[in-house]
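In the text below, chain A, chain B and the rest are named by the order of the sequence lines, each starting its count at 1.
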Number of protein chains: 2
Amino acid sequence: MPRLVGQIDQVKSEAILDAASDVLGERGLGASIEAIARRAAVSKQTIYNHFGCKTALIEALVARRVSHITAPLRVSGAAEHPIETLTALAQTLIEIVSNERAYSLIRVTVQGAGAMPELAKAVFEAGPATTRALIADYLAAETQAGRMAVDDPMEAAEFFAGMCSGHRQFRALMGMEVNADPEQIAHLAHTVAKRFFRAYAP
Amino acid sequence: MPRLVGQIDQVKSEAILDAASDVLGERGLGASIEAIARRAAVSKQTIYNHFGCKTALIEALVARRVSHITAPLRVSGAAEHPIETLTALAQTLIEIVSNERAYSLIRVTVQGAGAMPELAKAVFEAGPATTRALIADYLAAETQAGRMAVDDPMEAAEFFAGMCSGHRQFRALMGMEVNADPEQIAHLAHTVAKRFFRAYAP
DNA sequence: GTTCAAATGGACTGATGCGTCCAAAAATCA
DNA sequence: TGATTTTTGGACGCATCAGTCCATTTGAAC
């Protein structure tokens with residue numbers, strides 16, 4: 001009877017993580033393991049067999065999710081006019097911030113920041129920090145090519161990300177509704193790109 | 001023996017709120033009433049005499065704090081060049097986001113968003129929403145005066161606020177250290193103002 | 001059909017924390 | 001000094017929850 005095994009039912013592991021994501025998103029970090037077990041249609045003991053303890057479960061959850069969330073950013077666009085690439089970037093960022101499911105994860109991390117600071121740091125590194133670095137790389141390249149004039153790419157990348165998240169981040173964190181109408185998101189993304197390009201045009 | 005009174009020792013009420021602010025900031029919403037009582041050098045029962053229940057205590061805490069935090073924004077600057085006013089605005093916003101004490105309150109609100117959504121909404125209205133409206137008013141006025149060209153003041157105000165908060169907001173929420181060096185904040189504020197003005201110059 | 005790992009569910013421990021109760025002490029006021 | 005109100009501190013009830021234990025059942029491989 002091993003307490004913690006790797007070669008158990010993969011499907012069940014996924015089901016548990018899905019349920020944990022849902023329940024934690026609804027009830028916050030205070031959600032009980034039993035509630036998660038009920039949602040996953042699994043016994044409490046099974047969760048402990050798979051993950052060992054609550055903290056490990058949450059770490060697994062976060063690890064699985066973070067990479068999914070930032071994945072779309074990694075597909076670097078072709079080299080058209082910067083505004084088009086910036087619009088695509090902005091659109092992805094805004095969609096992330098408007099995505100309730102992604103944000104429930106962030107909320108959990110914020111709540112757990114006191115109890116597990118390493119986790120909070122890992123999320124920050126994998127999420128916002130990586131995102132900023134990707135954007136900064138792009139801005140530096142465009143500057144190199146003479147299509148933009150960005151003196152401090154990291155700083156500019158942060159401005160860009162900040163324009164995208166704006167109050168949506170706050171509202172999402174507060175559990176308030178966030179406008180996720182695709183048309184409005186597209187329009188907003190285009191505006192961000194236009195204004196940002198104007199601020200950093202050669 | 002009234003269970004909840006208003007005319008008790010005001011000084012003690014303040015001491016309790018101060019202690020609650022500290023302890024909740026450190027331990028998050030999970031902080032116990034007993035810990036707060038210890039910090040305030042007061043008995044647990046006294047806290048219940050003053051505030052009735054934990055939720056009421058937190059509501060009182062938030063109400064007292066929010067207005068203090070956004071107060072500096074209300075002093076509208078004289079009518080110099082927009083960049084100067086924008087720099088001052090940015091500086092205030094960045095200082096708020098870099099202020100650990102202010103942010104511990106926000107963190108508590110985020111944690112409690114599930115359990116007390118009205119509180120979260122109140123904080124949002126009193127904080128970010130009011131801030132955005134103030135900035136938007138200023139931008140509209142400058143546009144009217146022909147010194148800027150802001151087509152959508154509310155949207156632009158959100159961009160401006162987003163540029164100021166950037167990742168600092170995230171880091172602060174995650175309980176990570178935030179660079180609060182006055183010189184760097186001043187420089188950042190000036191950069192934000194310069195770039196924002198360039199994005200919205202006539 | 002035998003075997004063995006994995007899953008179940010229910011009971012249990014230990015800890016924590018909200019909110020209450022109360023009798024004694026301290027402070028306030030008349 | 002005497003009367004009233006607040007404060008104190010400690011004990012208590014009650015609920016919740018993490019994590020463990022275990023006897024029983026399921027299910028897949030051989």
Open item on the list: Checking contacts here: which listed nucleotide (C:dG9, C:dG17, D:dG19) is nearest the side-chain heavy atoms of A:Cys53?
Closed with: D:dG19
- [ ] Could you tell me the separation between the CZ atom of B:Phe51 and the C1' atom of C:dT20, rounded to a whole number of Å?
- [x] 19 Å
Open item on the list: Whole angstroms only, please: what is the NZ-C1' distance between B:Lys12 and C:dT28?
Closed with: 12 Å
Task: Electrostatic pair B:Glu155-A:Arg195, nearest N-O below 4.0 angstrom - done: no
TODO: For B:Ala35, answer base if it contacts any base atom (sugar-phosphate contacts may also be present), sugar-phosphate if it contacts only those atoms, and nothing otherwise; contact means non-hydrogen atoms under 4.0 Å.
DONE: nothing
Task: Rounded distance (Å) that lies between atom P of D:dT6 and atom OH of B:Tyr48 - done: 19 Å
Task: Parallel, tilted or perpendicular: rings of B:Phe197 and B:His81 (30°, 60°) - done: perpendicular
Open item on the list: Heavy atoms from C-beta onward define the side chain here; which of D:dT8, D:dC17, C:dG19 lies closest to that of B:Asn49?
Closed with: D:dT8
TODO: Take the protein atom CG of A:Leu29 and the nucleotide atom P of D:dT16, then report the distance between them rounded to whole Å.
DONE: 19 Å
Open item on the list: A quick test of your reading: do over 12 heavy atoms of other residues, nucleotides or ligands sit less than 6.0 Å from CD of B:Gln144?
Closed with: no
Task: Selected nucleotide, minimal atom distance to A:Val42 side chain, candidates D:dT8, C:dT8, C:dG19 - done: C:dT8
TODO: Could you state the atom-to-atom distance from CD1 of A:Ile47 to P of C:dG10 in whole Å?
DONE: 16 Å
Open item on the list: Is it true that, when you exclude B:Glu177 itself, more than 12 heavy atoms of the residues, nucleotides or ligands shown sit nearer than 6.0 Å to its CD?
Closed with: no
TODO: Considering just the side-chain nitrogens and oxygens of B:Thr46, establish if one lies under 4.0 Å of OP1 or OP2 belonging to D:dT8.
DONE: yes
- [ ] Please check if the side chain of B:Thr109 supplies one atom and the backbone of B:Ala120 the other of a donor-acceptor pair under 3.5 Å.
- [x] no
Open item on the list: Taking 4.0 Å as the cut-off, does a side-chain nitrogen or oxygen of B:His50 come that near to OP1 or OP2 on D:dT6?
Closed with: no
Task: Distance, rounded to the nearest Å, where A:Gln45 contributes CD and C:dA5 contributes P - done: 16 Å
Open item on the list: Rounded to whole Å, please give me the gap between CD1 in B:Ile33 and P in D:dT7.
Closed with: 16 Å
Open item on the list: How many whole angstroms separate atom NZ of A:Lys54 from atom P of D:dG19?
Closed with: 8 Å
- [ ] Name the nucleic acid region contacted by B:Lys44, choosing base, sugar-phosphate or nothing; use a 4.0 angstrom heavy-atom cut-off, strictly under.
- [x] base
